[in-house]
Engineer: 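Sharing a structure, written as structure tokens. Questions coming.
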Amino acid sequence: MRLTIKEIFELPADGRSIAVKGWVRTKRETKAAAFLEVNDGSRMGNIQCVFDEAAIAACLPELARASTGASVSVEGSLVPSPASGQKLEIKATALSVIGEAPSESYPLQKKAHSMEFLREIAHLRPRTNTFGAVARVRNRMAFAIHEFFQERGFQYVHTPLITASDCEGAGAMFQVTTLDLDRIAKSGEAVDYAKDFFGKPAYLTVSGQLNVETYCEALGRVYTFGPTFRAENSNTTRHLSEFWMIEPEVAFNDLGDNMELAESFLKRLVKTAIEDCAEDLAFFDQRIEKGLVASLQGVLERPFSHMTYTEAVAVLEKNADQFELKPYWGLDLQSEHEKFLCEKIAGGPLFLTDYPKEIKSFYMKQNSDGKTVRAMDLLVPRFGEIIGGSEREENLGLLQDRIRELGLKEEAYSWYLDLRRFGTTPHSGFGLGFERLLLYVTGMANIRDVIPFPRAPKLADF
RNA sequence: UCCCCUGUAGCUCAGCUGGCAGAGCGUCUGGCUGUUAACCAGAAUGUCCCUGGUUCGAACCCGGGCGGGGGAGCCA
């Protein structure tokens, strides 16, 4: 198989004959030499193919067709580069254009394009430096997630994407049906879900957590990593309708263990990005978010801060004049509060714990104060909450009470309650939005730019 | 869902009080002894988002629609 540009850069520049295939990023021509920069996606950097006067003469018609975006094959010899900017280059002897990209119609030219414009050409944007780098980092992070858990004896569990229960009683869900909606609408009949595919209403999952807890209570250390769906009408730079989520769940872990796991997990991912995606991160640091690498390095250097919700509210109340919405105990913290706490007070990642039970999910373990639950959110500078988790309520009676208090249907949770009826254990877990991790690691500003084909309200193109 | 901003050349934008449509980048042509966000010179390029209205006259003002962006809420 042919070598990638990444592999070529690991070879000695000893004049060996070499062939490269990829897409033209830019071409510079003078009378005496032409420079064709080719990229094949294997790394950030291009390989420079140099045509001397003889080569220009030999390749003239092809050189003219090799415009930005064209796919090409270049043959030549691998030599040290006399100019700075690259350690080696290809002294080209032959060029063939495989597929033209006419400059009058090819949307990507050798200039900076806005993220908004690139979103409109999602099928071509991976050919840009930025989106190529995002794709490589995304790939490396996905793999690192599995590495981290597998090294620690976690089992990867595949939870269902289609569910007949509204798992957390939270979040609008996408309905899945094979009923003929047009026909039903025209007939005016009531919908009979007994006739639907599953014999009852079914939805796309908003979380694999409740399902993965069942395997946690059997295998001990488990995690999910898969797509998740939210039909919320959210139009922000931090939300997607379809996103990927990582949800570890560990039997016998308390909230402290849970935070330790989350901290070492996040640090490991950041470390891997710094070490294995150095070229891509350098690009993000230079072009997307100044100081990115230094701030990521800072994350590795010290322990994350901790604060209870009650302590946090006290701090916020002292600074109440800085906020649009005045903080008080019981308030679900706003973005402005979360950013203030981790940016101004903690100066880095911050765990907030022990939230009022009213603003958290029913399954979280209740504290003895009767007011708070063993919840934790990890807040990070730049966008606030990146991880949400908790110790789960393992006491059957307390969990049933909570379900009734919230007016949820106990029958719907019978299998979940069985986990507390039979061999219950303390256990804890959390959820990390994969795309939010990528925002954090790449410095990209909009979550729609860290997933290949974003899904959001009124957005399902490509 | 709410609030704000925005739609003009391929892209990013300027366009004053309503009076002949502009710049930078890209593209093209020419020049240049190795360039690398190349450089120098020249050229081409418009449904001013759509629709209705006001006006002698609308890119500009008003109504409606559609698209894009940011913030908030919901959360991961």
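In what follows, chains are A, B, ... by sequence order, proteins preceding strands, each numbered from 1.
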Engineer: Is a salt bridge present between E10(A) and K6(A), judged by a nitrogen-to-oxygen distance below 4.0 Å?
Structural biologist: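 No.
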
Engineer: Using the P atom in both, what is the distance from C5(B) to C20(B), to the nearest Å?
Structural biologist: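 Approximately 28 Å lies between the P atom of C5(B) and that of C20(B).
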
Engineer: Does G70(B) have OP1 or OP2 under 4.0 Å away from a side-chain N or O of N446(A)?
Structural biologist: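 Yes, because at least one side-chain N or O of N446(A) sits under 4.0 Å from OP1 or OP2 of G70(B).
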
Engineer: Side-chain donor or acceptor of H113(A) under 3.5 Å from a matching atom on the base of C11(B)?
Structural biologist: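 Donor-acceptor pair under 3.5 Å: no.
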
Engineer: Return the nearest nucleotide to the side chain of S114(A); candidates are U12(B), G26(B), U35(B).
Structural biologist: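 From the listed options, U12(B) comes nearest.
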
Engineer: Decide yes or no, distance alone: a donor-acceptor N/O pair under 3.5 angstrom between the base of C32(B) and the side-chain of R28(A).
Structural biologist: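 Per atom types, no contact qualifies.
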
Engineer: Salt bridge check, R125(A) against D449(A): does any charged N sit closer than 4.0 Å to a carboxylate O?
Structural biologist: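 A salt bridge links D449(A) with R125(A).
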
Engineer: Rounding to an integer number of angstrom, what distance separates C61(B) and A43(B) when you compare their P atoms?
Structural biologist: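 The answer is 33 Å between these two P atoms.
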
Engineer: At under 4.0 Å, does any side-chain N or O of S234(A) touch on OP1 or OP2 of C74(B)?
Structural biologist: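 For S234(A), the contact criterion (side-chain N or O under 4.0 Å from OP1 or OP2 of C74(B)) is not met.
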
Engineer: Which whole number of Å gives the distance between the C1' atom of A76(B) and that of G46(B)?
Structural biologist: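 Here A76(B) and G46(B) have their C1' atoms 45 Å from each other.
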
Engineer: With a non-hydrogen cut-off below 4.0 angstrom, is I386(A) in contact with a base, only sugar-phosphate, or nothing?
Structural biologist: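 The residue I386(A) makes sugar-phosphate contact but no base contact.
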
Engineer: Which part of the nucleic acid does Q334(A) contact within heavy-atom distance under 4.0 Å: base, sugar-phosphate only, or nothing?
Structural biologist: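 Contact class for Q334(A): sugar-phosphate only.
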
Engineer: Determine: side-chain N/O of T237(A) to OP1/OP2 of G71(B), distance under 4.0 Å, yes or no.
Structural biologist: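 Yes, because at least one side-chain N or O of T237(A) sits under 4.0 Å from OP1 or OP2 of G71(B).
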
Engineer: Distance check: side-chain N/O of R119(A) vs OP1/OP2 of G69(B), anything under 4.0 Å?
Structural biologist: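 For G69(B), OP1 or OP2 has a side-chain N or O of R119(A) closer than 4.0 Å.
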
Engineer: Expressed as a whole number of angstroms, how long is the span from L108(A):CG to U27(B):P?
Structural biologist: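 Atom-to-atom, L108(A) to U27(B), this comes out as 12 Å.
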
Engineer: A32(A) side chain: which of U1(B), U33(B), A72(B) is closest?
Structural biologist: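 Looking only at heavy atoms from C-beta outward on A32(A), the closest nucleotide is U33(B).
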
Engineer: Given 3.5 Å as the limit, does a donor-acceptor pair link the side chain of E343(A) with the main chain of R382(A), or not?
Structural biologist: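 Checked: pair present.
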
Engineer: Within the pair T236(A) and G70(B), is there a side-chain N or O less than 4.0 Å away from OP1 or OP2?
Structural biologist: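 T236(A) to G70(B) OP1/OP2: no side-chain N or O under 4.0 Å.
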
Engineer: Which range-with-range stems can be found for RNA chain B when each stem has 3 or more Watson-Crick or G-U pairs in a row and both distances sit under 3.5 Å?
Structural biologist: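 B:1-7 with B:66-72, B:10-13 with B:22-25, B:27-31 with B:39-43, B:49-53 with B:61-65 - these are the stems of 3 or more pairs that involve RNA chain B.
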
Engineer: For atom P, what is the distance between A14(B) and U51(B), given to the nearest Å?
Structural biologist: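 One P to the other, the span is 24 Å.
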
Engineer: May I have the distance from E120(A) (atom CD) to U12(B) (atom C1'), rounded to whole angstrom?
Structural biologist: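 Checked: the CD to C1' distance equals 13 Å.
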
Engineer: Rounding to a whole Å, what distance do you find between I447(A):CD1 and G70(B):P?
Structural biologist: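 Computing the I447(A):CD1 to G70(B):P distance gives 12 Å.
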
Engineer: Taking only the C1' atom of each, what is the distance from C25(B) to A9(B) in whole angstrom?
Structural biologist: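 It works out to 12 Å between them.
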
Engineer: Does E116(A) make a side-chain donor-acceptor contact with the base of U12(B), cut-off 3.5 Å?
Structural biologist: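 It does not, because no donor-acceptor pair links the side chain of E116(A) to the base of U12(B) below 3.5 Å.
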
Engineer: Which nucleotide wins on minimum distance to the side chain of R230(A), given the candidates C75(B), C74(B), U35(B)?
Structural biologist: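 It is C75(B).
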
Engineer: Mind checking if L240(A) touches a base, just sugar-phosphate, or nothing, with heavy atoms under 4.0 Å?
Structural biologist: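 Base contact - L240(A) has a heavy atom under 4.0 Å of at least one base atom.
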
Engineer: Take I387(A) and K458(A), find for each the nucleotide of RNA chain B with the closest heavy atom, and name the residue whose nucleotide sits nearer the 5' end.
Structural biologist: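 This one resolves to K458(A).
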
Engineer: Let's see if you can work this out: which of A76(B), U35(B), U27(B) has an atom nearest to the side-chain heavy atoms of S103(A)?
Structural biologist: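 The answer is U27(B).
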
Engineer: What is the nucleic acid contact for E89(A), judged by heavy atoms within less than 4.0 Å: base, sugar-phosphate only, or nothing?
Structural biologist: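 Base, at least one base atom sits under 4.0 Å.
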
Engineer: Taking NZ from K27(A) and P from G26(B), how many angstroms apart are they, rounded to a whole number?
Structural biologist: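 After rounding, the gap between these two atoms is 15 Å.
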
Engineer: Ignoring the backbone of E338(A), work out which of C11(B), C75(B), G34(B) is nearest its side chain.
Structural biologist: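 The nucleotide sitting nearest to the side chain is C75(B).
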
Engineer: Could you tell me whether E435(A) contacts a base, only the sugar-phosphate backbone, or nothing, with contacts defined as non-hydrogen atoms closer than 4.0 Å?
Structural biologist: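 Nothing, no nucleic acid heavy atom in range.
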
Engineer: Which nucleotide sits closest to the side chain of D332(A): C11(B), C75(B), U35(B)?
Structural biologist: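 The nucleotide sitting nearest to the side chain is C75(B).
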
Engineer: Is the phosphate of G34(B) approached by T30(A) (side-chain N or O, under 4.0 Å from OP1 or OP2)?
Structural biologist: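 The answer is yes; a side-chain N or O of T30(A) sits under 4.0 Å from OP1 or OP2.
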
Engineer: Over how many whole Å does the gap from E53(A) atom CD to U35(B) atom C1' extend?
Structural biologist: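 About 15 Å, once rounded to whole Å.
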
Engineer: May I ask you to say what S105(A) touches in the nucleic acid, namely base, sugar-phosphate or nothing, with a heavy-atom cut-off under 4.0 Å?
Structural biologist: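 Answer is nothing: S105(A) stays at 4.0 Å or more from every strand.
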
Engineer: Could you say whether the aromatic ring of F243(A) and the base of A76(B) stack, counting only centre distances under 5.5 Å and plane angles under 30°?
Structural biologist: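 F243(A) ring centre within cut-off of A76(B) base, planes near parallel; stacks.
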
Engineer: Answer yes or no: does a side-chain N or O of R238(A) lie under 4.0 Å from OP1 or OP2 of A72(B)?
Structural biologist: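 For A72(B), OP1/OP2 do have a side-chain N/O of R238(A) under 4.0 Å.
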
Engineer: Look at the side chain of Q86(A) and decide which nucleotide, out of A72(B), A76(B), U35(B), has an atom nearest to it.
Structural biologist: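 Output: U35(B).
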
Engineer: Determine the interatomic distance between C1' on C49(B) and the same-named atom on C60(B); round to the nearest Å.
Structural biologist: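 One C1' to the other, the span is 15 Å.
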
Engineer: Under 4.0 Å from OP1 or OP2 of U35(B): is there any side-chain N or O of Q48(A) that close?
Structural biologist: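 No, no such contact exists.
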
Engineer: Is the closest basic N to carboxylate O distance between E242(A) and R230(A) below 4.0 Å?
Structural biologist: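 Not counted as a salt bridge, because no side-chain N and carboxylate O are separated by less than 4.0 Å.
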
Engineer: Send over the distance from E29(A) CD to G30(B) P, rounded to a whole Å.
Structural biologist: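 For the pair E29(A) CD and G30(B) P, the rounded distance is 10 Å.
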
Engineer: Strictly by modelled atom types, are E391(A) and S428(A) linked by a side-chain donor-acceptor pair under 3.5 Å?
Structural biologist: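 There is no such pair (donor and acceptor under 3.5 Å, judged by atom type) between the side chains of E391(A) and S428(A).
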
Engineer: Can you tell whether the side chains of E249(A) and R392(A) come within less than 4.0 Å, N to carboxylate O?
Structural biologist: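 A salt bridge is present here (some side-chain N lies under 4.0 Å from a carboxylate O).
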
Engineer: Are side-chain N/O atoms of T4(A) and D40(A) paired as donor and acceptor at under 3.5 Å?
Structural biologist: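 Note: T4(A) and D40(A) side chains miss the donor-acceptor criterion.
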
Engineer: Output the rounded distance in Å from CZ (F265(A)) to P (A76(B)).
Structural biologist: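 For the pair F265(A) CZ and A76(B) P, the rounded distance is 15 Å.
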
Engineer: Taking the basic N atoms (NZ, or NE/NH1/NH2) and the acidic carboxylate oxygens, is any pair closer than 4.0 Å for R152(A) and E147(A)?
Structural biologist: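 Looking at R152(A) and E147(A), the cut-off is not met.
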
Engineer: Rounded to whole angstrom, note down the P distance from C50(B) over to C56(B).
Structural biologist: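 Pairwise P distance, C50(B) against C56(B), rounds to 24 Å.
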
Engineer: Are E37(A) and K27(A) close enough for a salt bridge, meaning some N to O gap below 4.0 Å?
Structural biologist: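 Salt bridge: no.
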
Engineer: Let me know, please, whether Q109(A) or E37(A) comes out on the 5' side of the other along RNA chain B by nearest nucleotide.
Structural biologist: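 Nearest nucleotide further toward 5': that of Q109(A).
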
Engineer: L439(A) and M444(A): which non-hydrogen atoms are nearest, and at how many Å?
Structural biologist: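 Smallest interatomic distance, heavy atoms only, reads CD2-O, 3.3 Å.
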
Engineer: Counting only side-chain nitrogens and oxygens, does K31(A) get under 4.0 Å of the OP1 or OP2 atom of C32(B)?
Structural biologist: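 So the side chain of K31(A) is within the cut-off, an N or O lying under 4.0 Å from OP1 or OP2 of C32(B).
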
Engineer: Check the phosphate of A76(B) against T228(A), side-chain N and O only, distance under 4.0 Å to OP1 or OP2. Yes or no?
Structural biologist: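 Answer is no, no contact under 4.0 Å.
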
Engineer: Hey, are K290(A) and D285(A) close enough for a salt bridge, meaning a charged N less than 4.0 Å from a carboxylate O?
Structural biologist: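 Judged by the 4.0 Å cut-off on N to carboxylate O distance, K290(A) and D285(A) do not form a salt bridge.
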
Engineer: On a whole-Å scale, what distance lies between the P atoms belonging to U54(B) and C62(B)?
Structural biologist: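 It works out to 16 Å between them.
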
Engineer: Whole Å only: how far is the CD1 atom of I359(A) from the P atom of C75(B)?
Structural biologist: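 Value for this atom pair: 9 Å.
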
Engineer: Are a donor atom and an acceptor atom from the side chains of T228(A) and W244(A) found within less than 3.5 Å of each other?
Structural biologist: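 The criterion, which ignores hydrogens and geometry beyond distance, is not satisfied for W244(A) and T228(A).
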
Engineer: Using a heavy-atom cut-off of under 4.0 Å over every strand shown, decide if D377(A) touches base, sugar-phosphate, or nothing.
Structural biologist: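 Nothing, no nucleic acid heavy atom in range.
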
